[in-house]
Structures are given as structure tokens and as C-alpha cells.
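Worksheet: the structure to be examined is printed underneath.
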Amino acid sequence: MKLPYSWIKDFVKTDLSPFEIARKLTFAGLEVEGLHYVGLPKPKNTMGTSVTGLEWERDKLVLAEISAINPHPNAERLVLVDLWDGVQQHVVLTGAPNLLHLREAGKLDKPMMVAYAKLGARIYDGHVEGWVETVLKRAKIRGVESYSMVCSEKELGISEEHDGIIIFDDTLPDNSPLPPAGTPLVDVIGDVVFDISLTPNMVRNASVVGVAREIAAICSAPFQEPSYSAEQSGPSIHGRAFIEIRQPQVNPRFTATLIEGVEIAPSPEWLQRRLRLSGQRAINNIVDITNYVMLESGQPLHAFDYDILQQRAGGKAPTLITRFPAHGEGLTTLDGKARTLEPNTILVADSAGALSLGGIMGGAESEVHPGTRNVLLEVASWDYINIRRTVQNQQLQTSQAGYRFSRGVHPAMTVRANLRAAELMRTLGKGIIAQGMLDEYPTPAQTVVVDYPLSACKRLLGLEIAPDEIVRILTALGFAVQVQTDSLNITVPDTRLDISSGVIGIADITEEIARIYGYDNLPNTQIADVMPPQRSNSTFEREERLKDLLTRLSLQEVITYRLTSPAREERLGVPIRYPYLQLAKPITSEMTAMRQSVLSSVLEIAANNSRTALSQALFEIGSAYLLDNGEQNLPTEQARLVMVLTGLREMPVWNGGAPAMKDYFDLKGLVDALVADLHLAAVSVVAAQHGAFHPGKCAELRVNGESAGFFGELHPNVCAVYGLPTEAVLAADFELSVLLNAMPSTYKSSGISRYPSIVEDIALIVDEALPAAQVSALIAQTGGEQLVEVNLFDVYRNESQLGLGKKSLAYRLTYQRQDSTLTDVDAAKLRTKIVRRLEREVGAILRDR
Amino acid sequence: MIEQLEQIEANAMQALAQVQSSAELQTWQNAHLGKKSPLMLVIGNMQSLAKEERPLVGQAGNRIKNNLQTAASARAESLAVAELSAKLKAESIDVTLPGRPHSGGRLHVSNQVLRQIYAIWAEMGFQVYRSRDVETDEYNFQLLNFPVGHPAREMQDTFHTHIPDVILRTHTSPGQIHAMRQFCPEPIRVILPGMCYRYEQITTRSEVQFHQIEGLAVGRNITFSDLKGTLTDFARRMFGQGVRTRFRTSYFPFTEPSAEMDVECFLCSGKGCKVCKYAGWLEILGCGMVHPVVLSNGGYDPQAFTGFAFGMGPERIAMLKYAIEDIRYFWGNDLRFLKQF
Ligand SMILES: [Zn+2]
């Protein structure tokens, strides 16, 4: 929201610089996003605030007086003006379109006051797009010498307007006369535009008066309320127009005044300039006044052509009806759009049909036009939730009225704005205001009173603030305050809707006090409250331990998008188990649903990296979203641990050999390390089948008989569809809770024996199909405590030596006792026991050495 | 005889001076101290000398033998030193050649920042509390004082799903309600990390998913000044002991009063730089006193209890700290990016 400082100053008097005011506003919650300087001196240090615009040189840009206009001898579209700059007379050449019709005028009856730039003045180039500074130089244009110019708004940085030069009115906005020629321009119209970004609770400050009141409160400066009185001298409005509110909840108040005999004309220069500085176009005096009063008060207004309304009513007094649309009813709005209407769109209509989108945008037909003579001025109040819905449905987010109404404007503002605009239409539009005002107010706003304990500041802010200071702050903000023994009786002004009563009101009022007092003026303290009971979060703590372990094992953590599409996950080649939680309105076709597979996410990352990385070892701990309780419930967010290995086992070095690719056993080693370091007991790994994996290189990890998930080499087809290398991609996909729940809270360590150990190797011939894990387990179990290490160091196959379908497993066994020396005899006994058991249970044969 | 011995010594010493290696030294040993060396032959022939000569010649012979042995071992030592240094010299390498790469594992940069934040808050008694990503409209908005149709909802563009009123959380704040309902009426100090989602186009500056970490303290005696002091302590731990903080008025439906905390730019020490847009300050987090409506939705009587809450984005902090220019790097997971942290 853009507001000129000169306008704000109509209502608040302060000596602080605009820059200082902007900083104070920002800290009080009205964030000034930028300052656009229009002539006034810019600050040296902008301290991060966006500062733009042009500083006008006092001696080079002045007010000047044109006394005569003559044609250029050699150019039809140029004129020469006789100009007095307060010091000397000049002949100035200009092509201003708004002087062209006066090219034969010669000496003017009444001199014309303009903005004059002398030789060497720094201005903006009016002929190029955007804001390009230029310095006025001497030139010859079509045989006539030129060294200075009369300026347009664009050349001074006021607006984009370059269709003509500025021609001043005789008086300033406060009706004082314009100063004489030679006065530095900056003293007359020098300005700064505040660009303020407002939070949704601050819409009352989407207005010049609102911001002025804030400045008054923050800077302890005097505030002057605008005048809300109108000189009503025409025949009464009563009986000449009617209002009928059919939806009082949506339209709590509707007011109207009638201004007759207006003359549609351009607005005065100062009003046009203020509108343009505020980012609004100037159209004609009546439309401009509705915009001007909206910007000033924050209350949107709408002007109807009264005669058209009368015609539509068949010559009778029109009735403005606010209602919901009839089935299938539409409306063509001012912007020429034919709109279809949702059932609960509030409309302003008359007996002949819809006139406007209530509170947001007028219809084309009943609009004020150049021939309008009589104006019916609507100022109404609307339910903000209803208006917000219409703004969104109709894509009218840029509507200024919609912006304000969809955040809430107090119904009391209607009467103020109506009187203010009617009076301006009288003074600037030469109209006569009919006596009286139509004011339907079926749902009056309640006056909000807050009983505010004086102890609240200490309790909520941590600082005792003197009652006098609280009263000063609140009064400056427009609250009426009565001081009582231990509390304040605070009446909320009828300009704002953001303060409640009761315990919420206490918080609301405390915020008002704190932000004006200044957050930085409150102390910084330590919490003095009791420390809450400390609670452990074992899932989180275990997960963090697991992450440490994984990084220690040289895995890189990734965090991937949890949004995906079914098509992306289908590539895993396994059936999708549950319906997807789908986005109602996806941003891209790549992200339409919450993922059910974390593995798929990590494989995509591995594929992207495989273009540049020679080796990858990735893990992610993240959720899969499973609608496993039916589609009406929240999904189960199941945490998964996914690991993906691919590429080289070791990075190549300049003095090393060709490094090998990773294989299944790199991943298996990782899983073994994980199981060992998490101290998981009762773990088993069994050959398994899973659609995403190589059918001969896939295993299932079981913990306490429960499946933790699968791991192995990825199926080459899956590699191909993900764009991964088709070999040596290893992956594991585990359900995190199965691992974490099996982590013991503690475990036993064993001592280091002082007694010698006996090491021996045995080789066993077994069936090819017998899993090595089973043999190892039998050995360990049989050896018991005295067998401290079982290490499989060779797997050997040789049909002629071992027989068909046989393999030899070579183990190094280490025997040791904790409390005494183990003899060779003891070791031999153990060995025999082990071999016997293997012979008996799995048909193993001890191989001769 | 004595002269002959002295001549033998002189010859041997002269020959020793010529010895250049341990092999040569061995040859010299044999030639001058061996059984058949001139010295040993003289000493061995003592019997043939006159009786009175014997002691003199014996003494001289032994003296010379000792001299030669001492000189030989000195020579052996110096030769060993020279030979070792020659050997080491021959073994020298180009020490600037690259070493064998070690690629240790790492946490994702977001989790590294989160851990730093957890650690600081843990020391102040705030424990980690996590809650779900997929939420109901009720928890994400209504219970946090965003009524249906409230304009503040526009501050957070929301991903709706095919299930009515089921949305992707737009902030970690629903966790405040979960924590309060679980722990009421005990006082609370928790931090709530998690992934959040906003309906936005993905650009260098905005993402559809991002982490947030929020803090919540509820008790009978917690004030806005406590909020300021605690967050300032946090900022010093996180960004440097000397940094200053400042608080600007802001608006969040679930806190009142609400504020934004700026931290003095830790890249330029507040002097002004490109990152802080020459302001000298960086916007780091939003905070405020827990709104009475939220307290009572959590089960706490707002007349008896107060609380504060704050929230920040670890990705934004990482971007500021490490000059990361594109937020898309975070979920892009390019190893060339991740390996830098
Ligand atoms: Zn900086």
C-alpha cells in the first residue's frame, strides 16, 4: 500500500524525518517496505530500507509562471512559452500535449503555474521506459535554442504520467494560495511515498488516517481527525431512494447519500497527484473522490448514476437491494468480465437486476460516466469472510475495496466516509447534497469494552508500565480509557474490529501497549518459572543414534521430497499397497501425492548423482504415507530407513589399481555392522524374493521373527527405469520402528581374557544349498562361551574334489577361557563336538587338511 | 722395532682414511687388525725379540691395536650415519601428490543445523517433540486461532488433499496443540522440528517443502521479556556471542503479542553486506506470547497460564550461514553440494 507523506501530514504533526517515521512504523507492526522520495532529501544511510526516487535541487527545480504561449516557428507539435522563474524571464520550448491547444493563445489572461527545470537540473528522462536520470543540457531543437524545460509528473518522479506538464491550481489542498514563482518546487510538492505492507489484523491502517493515528501514538505527536460534516442543502433523500437488506448477516449496514447537479470534470491537480502517488489512476472528479476517500479513511465507496437507477425503476424512486443471486444469475462487472456467481455471493441489485458485486466491484451499466449529473453514493459494510470468499472465487485479489472488506471494516466507518465524500463532491464536483442519509443498520456492531487489570503488563510482558503511560498510548490509538483502582475500563474505538473483550481482549490490549511502548524497551530476562518434568523421547534419541552410526559407516544422509506421483513409484515394479493421499491441486504432474516408498525417492537421487559421482553410499530416514486405515482417516506416517550403495568400492587413486565395483557383500557388511552396533539380538537374514530386487541376491532382515524389510542388489530392470547403472546398485528398505524397538536399553560387555587362546582352522563340505549362516550359527551355538570367534574365511567349490552340488566352508575358530588356560585337549573335545553336530544335523563332512 | 710399529700404525690410519663403505671397512679390518696383519705378526713374533725389548714392544703394540680399533669403530659409526641418510634421501617422494581419499559419512546440512539448534535448546531444558506431517484443518488452523475463512490463512498457501479437511501442515505449530493436550496441566518446554509444506512455485527462494523448528514454553509465570531474553541467549549461542537482537511487531494468529526477531548480521558484524541487504540485520524467526485461545484449546486456563512460542527455518539459517544461493539444492541432494558441509 502506497501513501504519500504530504497527505499523512494533513492529520498528524511531527518534526521527525519520513525515514525515522518509517523505522518507527516498521517496529510497531506497519512494515515500511520502501520509501520513494519525490523531491525531498534522501537519507544518507538507508539501513537496509529500500529507498528510491529523486531528490530535487532547490535552486534548479522551481515553481514558475507562464505568461504567454506562442507557436514554434518550425514545428507544429511544439510551442514556445514565456516563463518567469522568479528571477528572470525565459523562452522555453515544450511539446506538452496539454499546451498544444493553446499554441496560438499568445499572452494568457491568467498566468499558468508550472514546474520548471533550469539548465543543469537532474530529472528523469520522460521519453524512456522506467526511471533513468538525466541532466538538462543546452540544445537546439528545430532551430530554437533550448536549455530548460517545464516538467511532467514523470520527469519529476511523481508518477508514470507523461501526457502533459503539471499545471498547478491556484490553491493548495488546505485552500492556502500557491506560493509565488521562484519557490523551490520541493517546498511546494516535495513528498515521500511510504510503501507499507500490512498484516491481516491491521487493515484499519490501509488508510491515510489510520497510519497518521499510528504515527501520532508512536511519536507522541498531535493527531487531527478529518472533518466528517457535509453541507446538505438539497431536497431530502428520503422518498427518493430506498434500501432493502435481505442478508443482514452479510450486509450489516448500508448507507447512501444523494448528490445532485454534479459537473463531471478532471479532479484538481493536487488530488490527482495524491491518487497517482498512491498508485491509483485519476479518472474524473466523482470517481476520484470515491477512491480518495477510500485511501484516506479505509472505507470503500461506490458511486451510482442516480438517473440510470431511476430509469431502471421505471422512473420511480429506485430501491437498492442487497441479496444473494437468483439461480443462474450472472453479472458483467466494470472490467467487462461476464461473471458467473456462486450462490452466496452478495450483490447490490435493484428491481431490474444485479448492479454490482457487493463491496468489491461495480457493474458496467449503472456506473458514473461523463454525462452523469446526479450521484447516489453507496457506502456499506460487509461480512469479511463472505467477501474474502468472493474475492478468491472471482480472482479479484487486486481489488482495493475487496482487500479492505475481506479483512473487515467497522460499520461505523460508513457514515464518516459517506459524509466526507459527499462534501468533496459538493466542493470539488459542484454538486448539491440532498438532506439526510439513508442508513439501514440491521446488525449493529457491539461496542467492545475491555476490563484491563493493571497487573496484566507485568504478568504478560514482564514489566510494570505506569498507568499514565498506558493511558497515553491507548488514548493516542483512539481508545477511551477510564482509570479504576486496579484496572482500566477501556472502550475500543469504532474504527477497528481486531480487539475482543475478556481474556482475549487483555492480550489484544497488551499487544497494543507493548508495540507502541516499543518491544526493544522491554527487558531481556531469563525464565523464572519452574522447570517442567523432563521427558525422554526414546524414538527420537534412538533415531539420532542410528544416524550417527550410519554416518560413521560412511553413509551420506539425503532428505528427499515427500511429494511424488504414483507413476514415479510404479517404476519399483512392486504392487502399491494402499490408495495414495492425493493433492487436491498439484503444482506439477511430478508431485501429485504423498509418497508410499522412501526407496523410490532415494533411487531417484542416486540416479541423478550417478552422472557425476563415481561412488555413492546414501541413506534417508523419512516417512512413507500409508492410507491403511481407510480413505477417510489420516495416513499412517511410517518411518523407513533406506540405504543405497552404488559405484566403486573405493575411490580411484593415482598410485592404485583399478578399483572394484560394490557388490551385495558391501551392503551385507553394512547390515551386519548395523545389527552389531545397534546390539540387536535374535536377528536373522534369509534369502527372499522381492519385485524390486535381483531374484538371486535379495535377503530379508528379520528381527525377533518380525520382518524389518528387504535388502539386496536392485533388479536390473528397476535400475534401467530409474536411469541407474544396470549393475551393482545395492539397496535396503527397512521399517525403522522394527530396528529401533529392538535396540536394547543396555547390553553387557565382556572382559578381555588374560589366558592364551587356541586358534584352528576347519573346513566343512556341505550342500551348495545350505546357507552359510546356518552352519555358522550351529558352530557358535555348539562352541558356547569357550568359542570366542567364528570366522568364515573361504568358500571353495570344486566338483572333482568335493562332488557335485557341494561346497567347502573354511572357518577359523578361536577358543579361549575367561578364567583359566584352555588346553589342547579341551579344544580338541570342543572341535569334535562341533563337527559331530554338523555331521548329524546338516550332513557336513570334515575335510582333511 | 718401535719405529716399525709406528710405521705400521701410520700406514693403517692412512688406509682407514680412504675407507668409504662398510664393505671397505671390513677389508681394512682384515688387512690391519686381522691375524695376518703386520701389527698382529709383530705382536705374534714377540718371542723372537730380546727380553728387555719385549715389554716396550708389547706395550706399544697393544696401544697401537687399541688406537686402530677405536678409529675403526668411529669410522663405522660415521659410515652408518652417511649410509642411512643416503638411503632416506633416495626414498624421498613428492609430498604434494594427492592422498588417498577418505569419504566419511555426513548428515544432510539441514539436519546438521537442526542438531545445533536442538543442542542449544536442550541445555535450556527444551526437549524434542515431533508430530505428524499430514494434519487436519482443525489442528493446522482452527485450534491455532485461524477460523475458517480467516484472512490470516492467506499468509500460508495450503496443500489440500483429496480427503476433505486433511491437509499437509503449513507449519509445525499443530504440534503445539498436540504437546499441550498431552502434557496439560504440567508446564511445558519443547521444541518441535518437522517438515512443512506450502503451495508455492519452486524457485531459487521458495520450496514446496521445508523444515521448521518451533519452540513452546508454557507455565504460570512466563513473560514476553522471558521470550526476548531466552531468544537472545539462543541467538548468541547460534550466531556468535557478540550478536545483538531486535524485535519488531508482527502478526501470527496463534500468538499475541507477536514479534519478529532480527539478529545482527553475523557475516558483516552489522556493518552491512549483500546478504543482509545492507541493513546490518537478518530476519531469523517469528515469535510471540501464546494466544489465550490457543492456550485454552491446549487445555490450559489462560487466566492462570502464559507461554511463549517461536519458529524458524533451518534451511534459511543454513543459506545465510553458508551463502547458499539456491534453496533447491537442499532436496536436490547433489553430492557435490552435500559433501561441502
Ligand atoms: Zn551483513
Side-chain angles (χ1 to χ4, degrees), chain A residues 26-29 47-48 199-201 385 388 406-407 460-463 503-504 507 510-511 514-515 519-520 522-533 535 537 540 547 550-551 553-563 581-584 605 609 613 625 631 634-635 637 651 653-654, chain B residues 98 100-101 103-108 110-111 125 127-128 130 132-134 149 151-152 159-163 166 186-189 195 208-209 219-226 228-230 232 246-251 256-257 259 277-279 289 291-293 302-303 306 331 333-335 338:
Chain A
T26 296
F27 277 80
M47 296 154 92
T199 49
N201 60 328
I385 289 176
R388 178 174 176 260
S406 67
R407 284 161 178 76
L460 291 165
L461 299 178
L463 181 71
V503 67
I504 300 169
T510 304
E511 177 170 72
R515 71 186 183 88
Y519 286 176
D520 284 338
L522 296 171
N524 288 353
T525 54
Q526 311 288 330
I527 304 176
D529 206 54
V530 293
M531 182 71 102
R535 305 166 178 101
N537 181 342
F540 173 74
K547 281 184 183 171
L550 291 164
T551 55
L553 294 168
S554 288
L555 269 71
Q556 167 69 53
E557 187 187 25
V558 295
I559 301 176
T560 59
Y561 284 109
R562 296 169 188 192
L563 294 160
L581 181 69
Q582 290 165 324
L583 299 182
I605 295 302
N609 275 310
Y625 301 82
E631 280 208 61
L634 289 171
E637 299 185 1
M651 294 303 279
V653 216
W654 56 272
Chain B
R100 291 191 183 84
S103 63
R106 292 169 169 76
L107 290 181
H108 190 282
S110 291
N111 273 334
Q127 294 168 314
V128 172
R130 298 189 294 185
R132 50 187 310 121
D133 290 17
V134 180
F159 274 116
H160 296 272
T161 71
H162 78 282
I163 305 178
V166 170
E186 299 280 7
I188 298 178
R189 279 178 219 178
M195 196 65 89
V208 290
Q209 79 175 36
R220 290 178 179 273
N221 181 26
I222 287 175
T223 70
F224 191 79
S225 296
D226 293 342
K228 283 186 64 195
T230 310
T232 299
R246 65 181 195 188
F247 292 80
R248 286 178 287 114
T249 305
S250 191
Y251 171 71
E256 189 169 40
K277 299 191 186 101
Y278 301 96
M289 296 300 286
H291 197 281
V293 166
Q303 313 262 24
T306 55
W331 318 142
N333 292 293
D334 191 312
L335 290 173
L338 297 177

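Only this structure's heavy atoms are used, side chains among them; waters, hydrogens and symmetry mates stay out. Throughout, a chain's letter reflects where its sequence line sits, starting with A, and its residues are numbered from 1.
Only the backbone of A:Ser406 comes within less than 4.5 Å of a heavy atom of chain B; no side-chain atom from C-beta onward does. At a 4.5 Å heavy-atom cutoff, the contact between A:Asn609 and chain B is made by side-chain atoms alone. Proximity to chain A is limited to the side chain of B:Pro292, based on heavy atoms less than 4.5 angstrom apart. When heavy atoms are compared at a cutoff of 4.5 Å, A:Ile605 approaches chain B solely by way of its side chain, counted from C-beta outward. For a residue to count as touching a neighbouring chain, one of its non-hydrogen atoms must lie under 4.5 Å from one of that chain's; by this rule B:Gln127 touches chain A with the side chain only. Both the backbone and the side chain of B:Thr230 come within contact range of chain A, with heavy atoms under 4.5 Å apart. Looking at A:Arg388, the atoms closer than 4.5 Å to chain B (heavy atoms on both sides) all sit in the side chain, from C-beta outward. With a threshold of 4.5 angstrom between heavy atoms, B:Leu107 approaches chain A through its backbone and through its side chain.
Rounding to the nearest 0.5 angstrom, the gap separating the CG atom in A:Leu563 from the CD atom in B:Gln209 is 6.0 Å. Taken to the nearest 0.5 Å, the CD1 atom of A:Ile527 stands 6.0 Å off from the CG atom of B:Asp226. Separation of atoms CG (A:Leu581) and CZ (B:Phe159) is listed at 12.0 Å; rounding is to 0.5 Å. If you take CZ on B:Arg106 and CD on A:Gln556, they are separated by 6.5 Å, rounding to the nearest 0.5 Å. Between the CD1 atom of B:Ile188 and the CZ atom of A:Arg535 there is a distance of 7.0 Å, given to the nearest 0.5 Å. Rounded to the nearest 0.5 angstrom, A:Leu522 CG and B:Phe224 CZ are separated by 6.5 Å.
With respect to chain B, the highest number of heavy-atom pairs below 4.5 Å among A:Asn201, A:Thr26, A:Leu463, A:Val530 belongs to A:Asn201. Ranking A:Leu553, A:Asp520, A:Thr510, A:Asn537 against chain B, the residue ahead of the rest is A:Asp520, based on heavy-atom pairs under 4.5 Å. Between chain B and the options A:Ala528, A:Ala613, A:Ala28, the largest number of non-hydrogen pairs under 4.5 Å is found for A:Ala28. For the set A:Ser554, A:Ala514, A:Pro533, the entry with the most heavy-atom pairs within less than 4.5 Å of chain B is A:Ser554. Heavy-atom pairs under 4.5 Å with chain B peak, among A:Leu460, A:Val653, A:Ile559, at A:Ile559.
By the ring pair (Phe, Tyr, Trp, His ring centres under 6.0 Å) test, B:Tyr278 is found to be paired with no residue, residues two or more places apart in sequence or in another chain being considered. Evaluation of the side-chain hydrogen bond (donor to acceptor under 3.5 Å, both in side chains) rule for A:Tyr561 yields B:Glu207 as partners, not counting sequence neighbours.
At a threshold of 4.5 Å between non-hydrogen side-chain atoms, the residues A:Gln582 and B:Ile163 do not count as touching. For the pair A:Met531/B:Pro187, no side-chain contact is recorded, criterion being any heavy-atom separation below 4.5 Å from C-beta on. Inter-residue side-chain proximity for B:Met289 and A:Leu461 is flagged as unmet; no heavy-atom pair is nearer than 4.5 Å. In this structure the side chain of A:Tyr519 never reaches within 4.5 angstrom of the side chain of B:Arg248, judged on heavy atoms. Counting heavy atoms from C-beta outward, B:Glu186 and A:Pro532 have side chains that stay 4.5 Å or more apart. Side-chain contact between B:Ser225 and A:Asn524 is absent, with no heavy atoms from C-beta onward closer than 4.5 Å. In this structure the side chain of A:Thr560 never reaches within 4.5 angstrom of the side chain of B:Trp331, judged on heavy atoms.
Side chains of A:Glu557 and B:Asn111: a donor-acceptor N/O pair is present below 3.5 angstrom, by distance only.
Counting all heavy atoms, side chain and backbone alike, B:Pro98 lies closest to A:Trp654 at O-NE1, 2.7 Å. Summarising the geometry of B:Pro302 relative to A:Val503, their closest heavy-atom pair is CB-CG2, 4.0 Å, with the distance given to 0.1 Å.
A salt bridge between A:Arg562 and B:Asp133 is present, with a side-chain N of the basic residue lying under 4.0 Å from a carboxylate O of the acidic one.
Residues A:Phe27 and B:Phe247 keep their aromatic ring centres 6.0 Å or farther apart.
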